[in-house]
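Right, one structure below, let's go through it.
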Amino acid sequence: MTTKTSRIQSVFEKRNGDDKIMSLFITAGYPDLESTVDLILGFEENGADLIELGMPFSDPLADGPTIQYASNVSIEKGITMKKIFGMVRQVREKSEIPIILMGYINPILRYGVEAFCSDAEESGVDGLIIPDAPIEESGIIESAAREHGLDMIYLVAPNSTDERMKAVDEKSSGFVYCVSVTGVTGARQGDEVARSVERFIGRVNTNVTSNPKLVGFGIKNYEDAKLISERVDGYIVGSALIEAIRKEYPNKGWKESVLQFVNHLKFGNI
Amino acid sequence: MKYTAPTKQGYFGKYGGKFVPEILIPALAELEEAYEESLNDPLFQKEYHDLLREYVGRPTKLTFADRLTEHYGKAKIYFKREDLCHTGAHKINNAIGQLLLARKMGKKRIIAETGAGQHGVATATACAKFGFECVVYMGAEDMERQKLNVDRMRLMGAEVRSVETGSKTLKDATNEAIRDWVTNVDDTFYIIGSVVGPHPYPMMTRNFHRVIGEETRDQLKQKEGRLPDYLVACVGGGSNAIGFFYPFIDDENVKMIGIEAAGLGADTDQTAATLTKGTPGVLHGSLSYLLQSNEGQIQLAHSVSAGLDYPGIGPEHSYLHDTKRVHYYGVTDQDAMDAVKLISMKEGIIPAIETAHAFAYLETLMPLTQRDEVVVVNCSGRGDKDMKTISEWF
């Protein structure tokens, strides 16, 4: 646990009553290296409370085709860890929105764990989500992250045991990421997520008691988000947002269309 | 000091571990428990060993390679004949073992990744024998160069799914298999074909292959009344090598050599020589040496042999490399292909191109040996599957 209130924690503390926190995932450098900063600022203006900035990896084995695609585009366009920190710095010049770096452990190890955490802090990163470093393995980065004031956000899944959920809650700070369905990331059809999530969220609420909870995986629109996050603090949208970009980019006005999608995700049709 | 790796957490020195998404943690816990139980279950062990004997055809022979020995005029050369296993390679030892575990755990559906297709064929074989649904992920490029094995898998009822992402080879097939597993974790068992992946896979797969080294030890004792001086095996992920080496690790006088695929050369970027050229990192669930860029992106491997065309290596090999208990060297595509020809001509055995990498190293090793020494090469697979590549090469 970090001692002073982190930017992530204060988002949850400032939340009004039944409002849901919306966290948006975007792959850094997708659809191009120049747009990421503008997109993040636009997301904030259109209702995003948190940003998960994806650090692309060549072999994203927990991701479905959409995020695989975005990662490949970004790598081909020449994304580097230094450039990602640069993007965070640019956002920080204009905004206090919490930024969580999300990505696989290997590029972090390659960069050097201490250097990575230090540069993350310096550029204004608030937390880390590393899907392939579960609590068994997170010792590899945990103390460096804490030392540099980064919240460590771990995941729980529908097949996590009650004990496991408690252990994850214990280890996490910022929030706990609740994976709504077993599977890779990606939008899902019909009510698959809603059906899976009902019992799972009940167990999450019993076992995860010290951190806020956001639910993600498979949420594709406002209606999904509303339904699925009913009993938690908020929701995470990634693949559906990337699909929205993929559909419009690079047509004229693509950014406006994407921001409209974001606005609708948060507020519905107003 | 007696060799005891891995630790309870699945570490060989600093290598190994369970770098997997949360969803797979319960599946690995369940697998560890079932595997531990199976070790103390006499019925399980009996069934496994009966199948190895009656179905796989073990023990495989230890053949004296008299003409090859004469060719080099130095140490005696023996071949451990894993090419004589049912399906043509060592892979079946592990596929059968893991399938029995899947059955014990009540899983209905089997998935696997394959490079050369030998593990895919072994898994399809085991699934046919036991009546399991089987899905094999295989890179599109590998399906092309190992077409015979694709046909064999399909004939036995397996569904072979072509993987079009990345390098379209073993690495990408493994990504897809893991994604399938994450999605269908409740009813699906993932039979990993090498000593890679998260704990307990590297340990479990090694233990299903240790029979190779155990038999070699007994057979050589009968033929020569002694331990070997050198063991030589090819290493991609490293399953045949570790099965062959493991029972000798505490015998300090037995020198062990693992041969990686250097592709066009370990000093080029067209290589699969992970230990020679790589650095430690995480791929497919464990920490081990990898071919990667400065940014930590996995680099595409290259080898003429689909089974060695992989940018990673099992964590135990990384450990044995660092501790220098095993020495690892690279052999190029050209030298491996020359060895295919030499072994075919001298011994009437057409080795798999993977296996030929081990044979190719004899050119370097044999001049350094003495006439009273013994070298054993693990002949891990036969080359029928490679006839198209071999014909085109020469």
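This is a predicted model, so every value here is computed, not measured. Each chain gets a letter, A, B and so on, in the order its sequence line appears, and its residues count up from 1.
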Is [X] close to chain B through its backbone or its side chain, or both, or neither, when contacts mean heavy atoms under 4.5 Å?
{"X": "A/Pro65", "value": "neither"}
{"X": "A/Ile140", "value": "side chain"}
{"X": "A/Val184", "value": "both"}
{"X": "A/Ile75", "value": "side chain"}
{"X": "A/Asn72", "value": "neither"}

Atom pair [atom1] ([X]) and [atom2] ([Y]), whose distance is rounded to the nearest 0.5 Å:
{"X": "A/Glu137", "Y": "B/Leu287", "atom1": "CD", "atom2": "CG", "value": "8.5 Å"}
{"X": "B/Glu295", "Y": "A/Tyr111", "atom1": "CD", "atom2": "OH", "value": "8.5 Å"}
{"X": "B/Leu283", "Y": "A/Phe57", "atom1": "CG", "atom2": "CZ", "value": "6.0 Å"}
{"X": "A/Asp59", "Y": "B/His284", "atom1": "CG", "atom2": "NE2", "value": "5.5 Å"}

> Step by step, would you call B/Phe19 with A/Ile105 a side chain to side chain contact (heavy atoms under 4.5 Å, CB included)?
Replying inline: CA-CA 8 Å; B/Phe19 291 88; A/Ile105 189 77; 4.0 Å; yes
Under a 4.5 Å heavy-atom cut-off, does chain A meet the side chain of [X], its backbone, both or neither?
{"X": "B/Asn184", "answer": "neither"}
{"X": "B/Ile25", "answer": "side chain"}
{"X": "B/Gln299", "answer": "neither"}

Evaluate the side-chain proximity of [Y] to [X]: yes if any heavy-atom separation is below 4.5 Å, no if none is.
{"X": "A/Ser71", "Y": "B/Gln297", "answer": "no"}
{"X": "B/Val20", "Y": "A/Asp132", "answer": "no"}
{"X": "A/Thr182", "Y": "B/Val182", "answer": "no"}

For the [atom1] atom on [X], are there more than 12 heavy atoms of other groups (residues, nucleotides or ligands in this structure) within a distance under 6.0 Å?
{"X": "B/Glu33", "atom1": "CD", "value": "no"}
{"X": "B/Asn294", "atom1": "CG", "value": "no"}
{"X": "B/Glu144", "atom1": "CD", "value": "no"}

Distance-minimising heavy-atom pair for [X] and [Y]:
{"X": "B/Glu22", "Y": "A/Val168", "value": "OE2-CG2, 4.3 Å"}
{"X": "A/Ala62", "Y": "B/Pro21", "value": "CB-CG, 3.7 Å"}
{"X": "A/Asn106", "Y": "B/Gly281", "value": "OD1-CA, 3.0 Å"}
{"X": "B/Arg179", "Y": "A/Asp63", "value": "NE-O, 2.9 Å"}

>> Distance alone, cut at 3.5 Å: any donor-acceptor contact between the side chains of A/Arg110 and B/Thr279?
In response: yes
> Looking at B/Thr183, B/Ile23, B/Asn175, B/Asp186, which makes the most heavy-atom pairs under 4.5 Å with chain A?
Replying inline: B/Ile23
> Most heavy-atom pairs under 4.5 angstrom with chain A, which of B/Gln292, B/Glu176, B/Gln9?
Replying inline: B/Gln292
> With respect to chain B, which residue among A/Ile79, A/Thr80, A/Asn159, A/Ile108 yields the maximal number of heavy-atom pairs within a distance under 4.5 Å?
Replying inline: A/Asn159
